[in-house]
Amino acid sequence: MTRSLCSIAAPGFDLGLTLNCGQVFHWRAQGAGWLGVIGEEPCYLEQQGDSLLVPAAMAEKVSTYLALDHDMAAIRATLPHDAAMQAAAAAFGGIRIIRQPFWECVATFITSAQKAVPHITQISHTLRQRYGRAVTYEGATLYAYPEPAALAALEESDLRACALGYRAKTLLKTARMVASGEVDLAHIATLPTDIALVELTRLSGVGEKVANCALLFAYERLDAVPIDVWIARILRGTYRKTRSNPAQLKAFAAKHFGPYAGYAQQMLFHHARTG
DNA sequence: TCCCAGGGGTGGG
DNA sequence: CCCACCCATGGG
């Protein structure tokens, strides 16, 4: 079965950059485009200049997922005019902070602790393949991220067999907290950001950094700034915050980068990593 | 081919 | 504030 594709406008958008800048880890290159899953739906995406080729039936869903509605001119206008920020924004203005499903995002970043992109991607694919729902796209089999209940039913050894190491214990505990309703990820979306952060950090394996990743990449809090070693390096070096601890770095980032500090973070992060 | 250091973080001491 | 926790990865 061939799915009909349609073209949607995506001016200034960079699909490859958006899917590979360290916010989402399961999209695979396929021909001239990318194959992945949005929630439970398999999807092929291909950039053609300032347009995006997407499955016709999914145009709306794709636009929301990729945050094509973000007003980048307005966002860019709020970013500070220092040299580092402007260089990062010029090079990586095609990035969009996407809207990921809550659980998929929280769980994936729990498995990302102390890991580089290839390994996070590999863990994601293994979990999906073993415990996620299989869906097909033109003959290719893809897998949705496993439901909380699917992981909650496992033993720690099952997750260790997916190369999670010490993350097996925390992911399992968190899956059980979410599956049982002890923590309600959808409810967290209704909370103010500071309260949402406290609630997210109740989950096992979710500290300040992972919680901020979830707030930024799933909960649409574009002012959230995950302070990881890369951003810490940039703030301590480029921005001369040599002796600041993570809390001080977070405060500086909020003040200096403003309401879209999360965008600033992502562009600087990618700039540093691909430096 | 094999070995070993060290890592985009968290939580407990 | 410090260190243990696991293990795929990549450099030597």
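Just so you know, these numbers come straight off a predicted model, no measurement behind them. Just so it is clear: chains get the letters A, B, ... in the order the sequence lines come, proteins before strands, and each one is counted from 1.
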*Asks:* Quick one: does Ile231(A)'s side chain get under 4.5 Å of Leu249(A)'s, heavy atoms only?
*Replies:* no
*Asks:* Does a side-chain heavy-atom distance below 4.5 Å link Gln248(A) with Arg243(A)?
*Replies:* no
*Asks:* Anything under 3.5 Å between a protein N or O and an N or O of nucleotides 3-7 of chain C, put it in a table, one pair a line.
*Replies:*
{"from": "dC6(C)", "atom 1": "OP1", "to": "Arg160(A)", "atom 2": "NH2", "distance (Å)": "2.8"}
{"from": "dC6(C)", "atom 1": "O5'", "to": "Arg160(A)", "atom 2": "NH1", "distance (Å)": "3.3"}
{"from": "dC6(C)", "atom 1": "O5'", "to": "Arg160(A)", "atom 2": "NH2", "distance (Å)": "3.3"}
{"from": "dC6(C)", "atom 1": "O4'", "to": "Tyr166(A)", "atom 2": "N", "distance (Å)": "3.2"}
{"from": "dC7(C)", "atom 1": "O2", "to": "Lys115(A)", "atom 2": "NZ", "distance (Å)": "3.1"}

*Asks:* Does the side chain of His256(A) come within less than 4.5 Å of Leu235(A)'s, by heavy atoms?
*Replies:* no
*Asks:* Could you identify which residues of residues 234-253 of chain A place a heavy atom less than 4.0 Å from some atom of DNA chain B, listed by residue number, or say none?
*Replies:* none
*Asks:* In whole angstrom, give the distance that lies between atom CG of Leu171(A) and atom P of dT10(B).
*Replies:* 14 Å
*Asks:* Mind checking Phe269(A) for me? I need base, sugar-phosphate or nothing, with any heavy atom below 4.0 Å counting as a touch.
*Replies:* base
*Asks:* With Ile123(A), which of Thr121(A), Ile120(A), Leu127(A) fulfils side-chain contact (heavy atoms from CB on, under 4.5 Å)?
*Replies:* Leu127(A)
*Asks:* Quick one: salt bridge (charged side-chain N to carboxylate O under 4.0 Å, His left out) pairs with a partner in residues 27-54 of chain A, sequence neighbours left out?
*Replies:* Glu40(A)-Arg133(A), Glu41(A)-Lys61(A)
*Asks:* Applying salt bridge (Lys or Arg N to Asp or Glu O under 4.0 Å), can you list everything that pairs with Lys209(A), at least two apart in sequence or on another chain?
*Replies:* none
*Asks:* With no hydrogens and no angle check, just 3.5 Å: does a side-chain donor-acceptor pair link Tyr263(A) and His70(A)?
*Replies:* yes
*Asks:* Which pairs with one or both residues in residues 226-237 of chain A pass salt bridge (charged side-chain N to carboxylate O under 4.0 Å, His left out), sequence neighbours excluded?
*Replies:* none
*Asks:* Donor-acceptor pair, Gln30(A) side chain versus Leu35(A) backbone, under 3.5 Å?
*Replies:* no
*Asks:* Please list, pair by pair, any protein nitrogen or oxygen found under 3.5 Å from a nitrogen or oxygen in nucleotides 11-13 of chain B.
*Replies:*
{"from": "dG11(B)", "atom 1": "OP1", "to": "Gly205(A)", "atom 2": "N", "distance (Å)": "2.8"}

*Asks:* Rounded to whole angstrom units, what separation is found between the CH2 atom of Trp230(A) and the P atom of dG7(B)?
*Replies:* 11 Å
*Asks:* Within the 4.5 Å heavy-atom criterion, are Asn212(A) and Ile227(A) side-chain neighbours or not?
*Replies:* no
*Asks:* Using a cut-off of under 3.5 Å, enumerate the N/O to N/O pairs linking the protein to nucleotides 1-6 of chain B.
*Replies:*
none

*Asks:* What side chain to side chain donor-acceptor pair (under 3.5 Å) pairs are there with at least one residue in residues 85-100 of chain A, not counting sequence neighbours?
*Replies:* Asp69(A)-Arg99(A), Arg99(A)-Glu220(A)
*Asks:* Give me the distance, rounded to whole Å, that separates dG11(B) from dA8(C) when you measure between the C1' atoms they each carry.
*Replies:* 23 Å
*Asks:* Looking only at heavy atoms, what is the nearest atom pair of Cys43(A) and Ile38(A), with distance?
*Replies:* SG-CD1, 4.1 Å
*Asks:* Does Arg128(A) pair with Glu104(A) as a salt bridge, N-O distance under 4.0 Å?
*Replies:* yes
*Asks:* Give me each pair satisfying salt bridge (charged side-chain N to carboxylate O under 4.0 Å, His left out) with a member in residues 148-160 of chain A, each pair once, sequence neighbours excluded.
*Replies:* Glu156(A)-Arg160(A), Glu156(A)-Lys169(A)
*Asks:* Scan residues 193-226 of chain A for pairs that pass ring pair (Phe, Tyr, Trp, His ring centres under 6.0 Å), counting only residues two or more places apart or in two chains.
*Replies:* Phe102(A)-Tyr219(A), Phe109(A)-Phe217(A)
*Asks:* Could you state the atom-to-atom distance from CD1 of Ile123(A) to P of dG7(B) in whole Å?
*Replies:* 17 Å
*Asks:* How many Å lie between CD1 on Ile231(A) and C1' on dG8(B), as a whole number?
*Replies:* 10 Å
*Asks:* When the distance from CD1 of Ile120(A) to C1' of dG7(B) is rounded to whole Å, what number comes out?
*Replies:* 11 Å
*Asks:* Would you write out the dot-bracket form of DNA chain B, 5' to 3', with Watson-Crick and G-U pairs under 3.5 Å, [ ] for crossing pairs, | for pairs to other strands and . for unpaired bases?
*Replies:* .||||.|.|||||
*Asks:* Mind checking if Val210(A) touches a base, just sugar-phosphate, or nothing, with heavy atoms under 4.0 Å?
*Replies:* sugar-phosphate
*Asks:* With Glu147(A), which residues qualify under salt bridge (Lys or Arg N to Asp or Glu O under 4.0 Å), at least two apart?
*Replies:* none
*Asks:* Taking dC3(B) as the reference, what is the distance to dC6(C) when you measure between their P atoms (whole Å, please)?
*Replies:* 22 Å
